[in-house]
Number of protein chains: 2
Amino acid sequence: MSQNNITLKELAKILDVSISTISKALNDSHEISEATKTKIKELAKLHNYQPNKLAINLKSGKTKTIAVLIPSIQNYFFAKVLLGIESVVAKSPYNIIIGITNESYEDEKENLQKLSNGIVDGFILSVAEETQIKQEFNHFKNTNKPIVMFDRVVKNMTCDKVMVNDFDSVYEATVDLIKNNRKNIAIATTINNLSVIKHRIEGYKKALSAHLNQVEFDLIVEEPLHLISDKLTNILKAKKIDAIISLDEFASLAVLKTVKQNNFSIPSEIALIGYMDEKVATYLTPEFSTIDQNGVQIGEIAAKTLIDRLENKALEPQEIIIKSTINKKATTN
Amino acid sequence: MSQNNITLKELAKILDVSISTISKALNDSHEISEATKTKIKELAKLHNYQPNKLAINLKSGKTKTIAVLIPSIQNYFFAKVLLGIESVVAKSPYNIIIGITNESYEDEKENLQKLSNGIVDGFILSVAEETQIKQEFNHFKNTNKPIVMFDRVVKNMTCDKVMVNDFDSVYEATVDLIKNNRKNIAIATTINNLSVIKHRIEGYKKALSAHLNQVEFDLIVEEPLHLISDKLTNILKAKKIDAIISLDEFASLAVLKTVKQNNFSIPSEIALIGYMDEKVATYLTPEFSTIDQNGVQIGEIAAKTLIDRLENKALEPQEIIIKSTINKKATTN
DNA sequence: TTGAAAGCGTTACCAG
DNA sequence: CTGGTAACGCTTTCAA
């Protein structure tokens with residue numbers, strides 16, 4: 001562990017020149033002669049001079065730091081988005097600060113406040129579940145930093161948004177099942193209250209009403225993770241079901257397990273498709289058909305959008321939609 | 001979006017008092033009369049005054065920010081550690097900056113440099129794979145900030161370390177299999193070059209030599225993820241195997257799938273145990289027996305250790321070992 | 001009880 | 001080409 005970093009002042013003292021000369025030389029100013037430049041640069045290198053970022057930030061009013069607020073880390077989707085954000089930011093002069101809101105409104109608000117006082121230049125975030133339930137969005141407006149929302153966005157806020165075509169994807173997946181002669185299609189989720197989940201369910205309903213003239217929807221299973229398996233078992237016993245669409249990662253795992261436990265053969269008796277990490281899906285038996293949100297891409301676009309805004313404030317607020325990909329594997333036909 | 005934050009200077013102007021008076025009043029100094037204090041505080045609240053963190057940081061030389069450098073985010077283990085770190089840090093005045101090193105030495109070095117210039121007070125990190133291969137650790141020594149290493153640590157560096165009892169855990173798991181009459185135990189990993197993996201393999205070897213007098217070890221499968229399944233299939237066809245221990249998350253998934261594909265019954269013919277996220281393990285069929293590294297706890301301890309060091313530099317370097325937990329489920333007996 | 005001034009480390013303007 | 005000075009927003013010592 002070395003000493004604290006050497007400063008311009010100390011370098012100036014050593015060479016008996018002014019601080020401004022040192023500063024200019026190290027910034028390759030044309031005002032300084034080549035001779036002194038090289039002399040100063042050598043000394044700086046010798047002492048391993050590193051400019052104090054804090055001072056630069058204070059001076060410039062910028063920090064080249066982006067805050068990413070995600071509701072949860074126990075979730076491949078957000079991990080992938082983070083990966084996408086990181087890959088773009090790593091190639092830029094920016095850093096990432098991460099905050100986990102634990103789906104809590106208070107945590108989200110606190111993170112926003114804590115980071116708005118000069119620490120970061122802008123935010124990339126996905127709205128916490130509790131915030132969506134409360135419909136309380138003032139904390140977003142009370143920061144003077146630009147925000148890019150992804151996946152879970154606030155409809156009536158003007159800011160950049162990177163969204164997913166939830167409605168269309170599930171509509172398409174449902175229609176595909178129908179075309180393969182599935183008529184009794186259930187849907188399962190461990191998450192409520194999220195607009196993205198609601199859009200997915202709407203896509204499902206629309207497909208059923210448009211293609212099967214179905215008007216009542218009694219095969220929608222919304223239960224927390226620890227209950228969903230039992231609930232599903234009851235339904236599987238009570239009704240004929242030939243396909244299940246699962247709307248989140250853990251619902252997908254639970255559905256697969258439950259259907260196997262009840263000894264239905266997949267996909268001949270029951271077809272399965274749902275939201276899940278591709279890599280995990282590949283290693284399940286049978287390989288799980290997925291709706292892939294393309295999280296990495298979402299992260300990349302979100303990061304690019306925020307950096308663009310930070311560098312050029314004049315842009316119109318963007319609303320970008322990233323299409324999900326349907327990857328049919330062994331649980332559908 | 002509001003204006004930029006109001007400053008002490010501006011508040012001072014409004015009330016026609018000095019900047020120092022404002023500063024002291026807002027910091028509840030006893031030097032200021034109650035009357036002016038309340039007046040100033042009200043005005044500050046009215047204007048939603050937020051002290052500029054950057055200025056405070058520059059003044060104090062501290063940032064109350066911790067950097068966490070992880071090799072990968074596509075990995076439940078690191079996600080859990082992050083969760084543990086975050087839960088501790090959220091209750092403190094500190095923030096977290098995250099960097100992902102992508103198992104690359106260069107990325108790791110760059111992150112360390114980028115963040116050492118005043119941006120963070122200290123680091124929590126797990127060494128990148130490439131760094132371990134290169135055995136190049138000077139970038140860790142060249143920062144003047146305290147480091148807490150977890151899981152993948154550098155043996156010959158004096159710094160705080162939070163480690164896992166890799167040798168013992170796999171030794172124990174192996175012995176348990178032996179006691180259940182498994183004599184042909186294979187081991188599978190998709191990762192090489194990591195000391196933690198080497199320790200795990202040593203634990204396996206020691207158990208076999210101590211309890212079965214085995215001296216040759218030809219059932220060690222070290223292959224990248226895309227090859228491991230084929231390699232394992234060959235071995236399953238060529239040799240009698242009655243148990244497999246898998247040393248990382250994706251190896252565990254691959255092993256389970258491959259054994260099923262080759263129509264061995266689990267656990268009667270082949271028992272399985274390995275490193276994997278508990279929650280995922282529960283949703284596999286059959287439920288997977290795991291060695292759980294207790295990542296959340298590792299994160300918590302690492303964060304506490306670093307904060308302790310930042311608040312009190314006098315401490316001796318700590319080496320803390322977090323014991324892994326063996327959770328037997330349906331793939332062992 | 002209040003205020004002036006120095007200082008944290010840097011950049012940028014203006015003189016010389 | 002080089003140097004002095006002010007400034008970013010804050011805290012802190014010392015003086016009044």
Side-chain angles (χ1 to χ4, degrees), chain A residues 3-41 43-44 47-65 93 115-121 144, chain B residues 3-41 43-44 47-65 93 114-121 144-145:
Chain A
Q3 295 292 3
N4 255 353
N5 286 337
I6 195 166
T7 65
L8 291 186
K9 199 198 234 178
E10 292 166 317
L11 290 175
K13 206 170 190 177
I14 298 176
L15 288 179
D16 198 29
V17 294
S18 75
I19 296 177
S20 11
T21 304
I22 303 277
S23 172
K24 285 173 188 165
L26 293 176
N27 287 315
D28 241 335
S29 162
H30 57 275
E31 296 180 14
I32 306 294
S33 73
E34 284 305 323
T36 44
K37 260 193 208 171
T38 47
K39 196 175 59 178
I40 290 175
K41 283 184 181 170
L43 187 75
H47 288 270
N48 189 28
Y49 169 75
Q50 304 284 3
N52 184 317
K53 267 282 183 187
L54 250 34
I56 293 176
N57 291 346
L58 177 60
K59 192 86 181 93
S60 67
K62 304 258 158 285
T63 64
K64 298 280 177 194
T65 302
L115 299 172
S116 286
N117 314 321
I119 296 188
V120 304
D121 293 346
N144 50 355
Chain B
Q3 295 292 2
N4 255 353
N5 286 337
I6 196 166
T7 66
L8 291 187
K9 199 198 233 179
E10 293 165 316
L11 290 176
K13 205 171 190 178
I14 297 176
L15 288 179
D16 198 28
V17 293
S18 76
I19 297 176
S20 13
T21 304
I22 304 277
S23 171
K24 287 172 187 167
L26 293 177
N27 287 314
D28 241 335
S29 162
H30 57 275
E31 295 180 15
I32 306 294
S33 71
E34 284 305 322
T36 43
K37 262 195 208 170
T38 45
K39 195 176 60 181
I40 290 175
K41 284 184 180 170
L43 187 75
H47 288 270
N48 189 28
Y49 169 76
Q50 303 284 4
N52 184 319
K53 267 282 183 188
L54 250 34
I56 294 175
N57 291 345
L58 178 58
K59 190 83 181 105
S60 67
K62 304 258 157 285
T63 65
K64 297 281 176 195
T65 301
K114 222 172 160 182
L115 299 172
S116 286
N117 315 321
I119 296 189
V120 305
D121 293 346
N144 51 356
K145 311 288 180 188

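Protein chains get the first letters and strands the later ones, always in sequence-line order, with residue 1 at the start of each. Everything numeric here is computed off the predicted structure, so don't read it as measured data. Only this structure's heavy atoms are used, side chains among them; waters, hydrogens and symmetry mates stay out.
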Salt-bridged, Lys13(A) to Glu10(A), with N to O below 4.0 Å?
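Salt bridge between Lys13(A) and Glu10(A), a charged N being under 4.0 Å from a carboxylate O: no.
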
Given DNA chain C, 5'-ward residue of the pair Ser60(B) and Ser18(B), judged by closest heavy atom:
Ser18(B)

In whole angstrom, what separates [X]'s [atom1] from [N]'s [atom2]?
| X | N | atom1 | atom2 | value |
| --- | --- | --- | --- | --- |
| Ile119(B) | dC8(C) | CD1 | P | 21 Å |
| Lys53(A) | dC8(C) | NZ | C1' | 17 Å |
| Lys39(A) | dC1(D) | NZ | C1' | 12 Å |
| Leu26(A) | dG9(C) | CG | C1' | 13 Å |
| Ile22(A) | dG4(D) | CD1 | P | 12 Å |
| Leu58(B) | dC10(D) | CG | P | 12 Å |
| Asn117(A) | dC8(D) | CG | P | 19 Å |
| Asp28(B) | dT11(D) | CG | P | 13 Å |

Are any non-hydrogen side-chain atoms of Thr63(B) and Ile119(B) less than 4.5 angstrom apart?
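Result no, sub-4.5 Å side-chain heavy-atom pair not found.
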
I'd like to check Thr65(B) versus Asn57(B) (side-chain heavy atoms, cut-off strictly below 4.5 Å). Are they in contact?
no

Looking at every heavy atom in both Pro51(A) and Ile56(A), which two are closest together, and how far apart are they?
CB-CD1, 3.9 Å

Shortest non-hydrogen contact from Ala44(B) to Leu26(B)?
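Heavy atoms of Ala44(B) and Leu26(B) come nearest at CB-CD2, 3.7 Å.
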
Between protein and nucleotides 10-16 of chain C, map the contacts as a letter string: B base, S sugar-phosphate only, - none, heavy atoms under 4.0 Å, written 5' to 3'.
BBBBB--

Between Asn52(B) and Leu54(B) (side chain of the first, backbone of the second, donor and acceptor by atom type, cut-off under 3.5 Å), is there such a pair?
yes

